[in-house]
Number of protein chains: 2
Amino acid sequence: MTVIFSKKCEYGMQAVLYLAAHQTEGVTRVDDIAATLKVPKEFVSKILQSLTASGIVASKKGKFGGFALAKDPSVIRLIDVVAAIDGLEMFDSCVLGFPNCTPDTPCPVHDTWGELRTLAYNMLTEETLDKFKQKTINKIKTI
Amino acid sequence: MTVIFSKKCEYGMQAVLYLAAHQTEGVTRVDDIAATLKVPKEFVSKILQSLTASGIVASKKGKFGGFALAKDPSVIRLIDVVAAIDGLEMFDSCVLGFPNCTPDTPCPVHDTWGELRTLAYNMLTEETLDKFKQKTINKIKTI
DNA sequence: TAAATTTCAGATAAAACAATCCGATTAAAA
DNA sequence: TTTTAATCGGATTGTTTTATCTGAAATTTA
Ligand code: SF4
Ligand code: SF4
C-alpha cells in the first residue's frame, strides 16, 4: 500500500535530503546514495535524472561525476520534489475517492480531511532542506 | 497517484457507506451500488465478497439477493473497512519512506507526520457509519 | 590519445494493482 | 419443477508502477 506518495517520490525526497546533507562534499555518485539509502540504484538514478530536468538537482557526467543540488538548500522544499514527481493532485482529492468535490455536497469526512491536507501541505512547504540536515544525517546512520 | 488508500479500499468504504444509507431497504444489488457510485461492477462485487468474509457485510444469494451490512451501522467504523482491505500498516509508516521508525532517530518530518497519522486515524475511528448517513445521501446525489 | 568511470537514454522485465469474464451455486417465483 | 436473478469463486486480462539492463556520451586522469 502507498502511504500518500509513490515510491518514486519517496526515493526522490530521500535522495534530495541526502544531497542536502552531503552538500559540502561536491557531487555524490548514485552508487553512494543508493547504497546508504538502501534503494535500487538504477531506479534512484532515473529519479535524479528527472529531478535534474526539473531543475532541483544538477548532474555532472564522466569520471568523478555525480549529482548535487542545483540550488541552495535554503530555497528547496520537500513540496518542490513532490510537485516535480507525483504532482500536487493529492492535495485536491478525497480520501474516500468520491468525485465532485464541492463544499455544498461534502463527503462524510470532508472537514477533517481538509484539515489533514492542509497540515500535510504545510509540513512539506514550511521548512527548507537546510533545516532537515542534522535529522537527515542521524536518520541515515540507522538505515 | 494513490491518496492514502487503494482503489479497492476507497470503493469498499463507498460501498459500505452506501449500504448504511440504504440500510432500511433490505439487501441491495451490486448493480445498483455500482451504477450509482459509478464504479466497476465486478470489482465492487469482489470487494463486497471479501468484506463478507470479514464479517462487515452480509450477502444473500439468489433472486432478490444482494448485500447488506452485517451489523448495525452504529458499531461499524470506516477504520474497520480499511483494516479489512488495506490493513493498518500506513498508520505505522513514514511519509518519506524511511525504514527503522524509532523515536530516537526521527526522520525530518517525524513530529508533524505523527500528528497527521493520529488525526487520520481518529477521523476514521471516532464516528460510526450511522453518523454519516445524511452526508452520504447528499453526496451520492451529486455523483 | 587511451583508459577509466560516471551519467544519460531508451528498451525491457517483473511485480503490483485494477478490472473483467465466466461457470457454478443459491434462492425465490412462476 | 423450471425459470429467473442474484452472489460466489476462480481464472484471466489489462494497466500502472517499480525495477533492471544495456549501450552511448561525457569527463577526468594517465
Ligand atoms: S467532500 Fe471533502 S473530502 Fe470529499 S472530495 Fe470533497 S473536499 Fe475532498
Ligand atoms: S521517523 Fe517519524 S515519520 Fe519517519 S518513519 Fe519514524 S515515526 Fe514515521
Side-chain angles (χ1 to χ4, degrees), chain A residues 1-15 18-19 22 25-35 37-70 82 85-87 89-90 97, chain B residues 1-15 18-19 22 25-35 37-70 82 85-87 89-90 97:
Chain A
M1 182 199 37
T2 336
V3 179
I4 302 189
F5 302 117
S6 66
K7 276 270 169 286
K8 210 181 275 189
C9 196
E10 286 183 0
Y11 293 163
M13 290 189 285
Q14 292 188 19
Y18 183 101
L19 290 177
H22 292 73
E25 305 154 27
V27 298
T28 310
R29 292 179 309 139
V30 168
D31 280 32
D32 291 346
I33 300 174
L37 294 178
K38 296 218 179 71
V39 299
K41 172 185 148 186
E42 334 271 354
F43 197 25
V44 82
S45 164
K46 272 266 173 296
I47 294 164
L48 284 167
Q49 279 174 41
S50 83
L51 287 176
T52 303
S54 310
I56 293 173
V57 310
S59 72
K60 189 185 172 201
K61 287 189 187 178
K63 199 174 183 181
F64 289 82
F67 289 94
L69 296 179
V82 172
I85 299 179
D86 273 354
E89 192 201 341
M90 90 127 269
Chain B
M1 184 200 32
T2 336
V3 179
I4 302 188
F5 301 118
S6 66
K7 276 270 168 288
K8 211 181 273 188
C9 195
E10 285 183 2
Y11 293 163
M13 290 189 285
Q14 292 187 19
Y18 183 102
L19 290 177
H22 292 74
E25 304 153 29
V27 299
T28 310
R29 292 178 310 138
V30 168
D31 281 31
D32 292 345
I33 301 173
L37 294 178
K38 296 215 178 75
V39 300
K41 172 186 150 186
E42 329 273 354
F43 197 24
V44 84
S45 164
K46 272 267 174 293
I47 295 164
L48 284 168
Q49 277 174 43
S50 83
L51 288 176
T52 303
S54 311
I56 293 172
V57 311
S59 71
K60 190 183 172 205
K61 288 187 186 178
K63 198 173 183 180
F64 289 82
F67 290 93
L69 295 180
V82 172
I85 299 178
D86 273 354
E89 192 200 340
M90 89 128 269

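Only heavy atoms go into these numbers, but all of them, side chains included; no hydrogens, no water, no symmetry mates. Chain letters run A, B, ... following the sequence lines, proteins first and then strands; every chain starts at 1.
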statement: Taken in chain and number order and not counting sequence neighbours, the residues that satisfy ring pair (Phe, Tyr, Trp, His ring centres under 6.0 Å) with B/Y11 are B/F43
message: In this structure, how many angstroms lie between the C1' atom of C/dA24 and the CD atom of B/Q49, rounded?
response: 12 Å
message: Quick check on DNA chain D: between B/R29 and B/E42, whose nearest nucleotide comes earlier from the 5' end?
response: B/R29
- line: Separation of C/dA14 atom P from A/F43 atom CZ, nearest Å, is 17 Å
task: Return no unless some side-chain N or O of B/Y11 is found under 4.0 Å from OP1 or OP2 of C/dA19.
output: yes
- prompt: Do the side-chain N or O atoms of B/K46 get closer than 4.0 angstrom to the phosphate oxygens (OP1, OP2) of D/dG10?
  reply: no
query: Which value, rounded to the nearest 0.5 Å, describes the distance between B/R29 atom CZ and B/F64 atom CZ?
result: 9.5 Å
- line: Contacts of A/D31 and B/G62 projected onto DNA chain C by closest heavy atom; the upstream (5') one is A/D31
message: Would B/D32 and B/Y18 count as a side chain to side chain contact (heavy atoms under 4.5 Å, CB included) here? Give the steps.
response: CA-CA 10 Å; B/D32 292 345; B/Y18 183 102; 4.2 Å; yes
task: State whether A/D86 and A/K8 are salt-bridged, where the test is any N-O pair (Lys NZ or Arg NE/NH1/NH2 against Asp/Glu carboxylate O) under 4.0 Å.
output: no
For residues 44-53 of chain B, which side-chain N or O atoms pair as donor and acceptor with protein atoms under 3.5 Å away, sequence neighbours left out?
from, atom 1, to, atom 2, distance (Å)
B/S50, OG, B/I47, O, 2.9
B/T52, OG1, B/L48, O, 2.7

- request: Would you mind classifying the nucleic acid contact of A/V30 as base, sugar-phosphate or nothing, using non-hydrogen atoms under 4.0 angstrom?
  value: sugar-phosphate
field: Between D/dG23 (C1') and A/K61 (NZ): distance, integer Å
entry: 13 Å
- line: To the nearest angstrom, the CD1-P distance between A/I33 and C/dT6 comes to 12 Å
task: Take the protein atom NZ of A/K8 and the nucleotide atom C1' of C/dA15, then report the distance between them rounded to whole Å.
output: 15 Å
query: Please give, in whole Å, the distance from C/dA18 C1' to B/K41 NZ?
result: 17 Å
- prompt: Between B/F64 (CZ) and C/dT25 (P), how many Å, whole number?
  reply: 24 Å
- request: Please state how far atom CG in B/L48 lies from atom P in C/dT20, giving the value in whole angstrom units.
  value: 15 Å
Along DNA chain D (nearest heavy atom to each residue), the more 5'-positioned of A/K63 and B/K63: B/K63
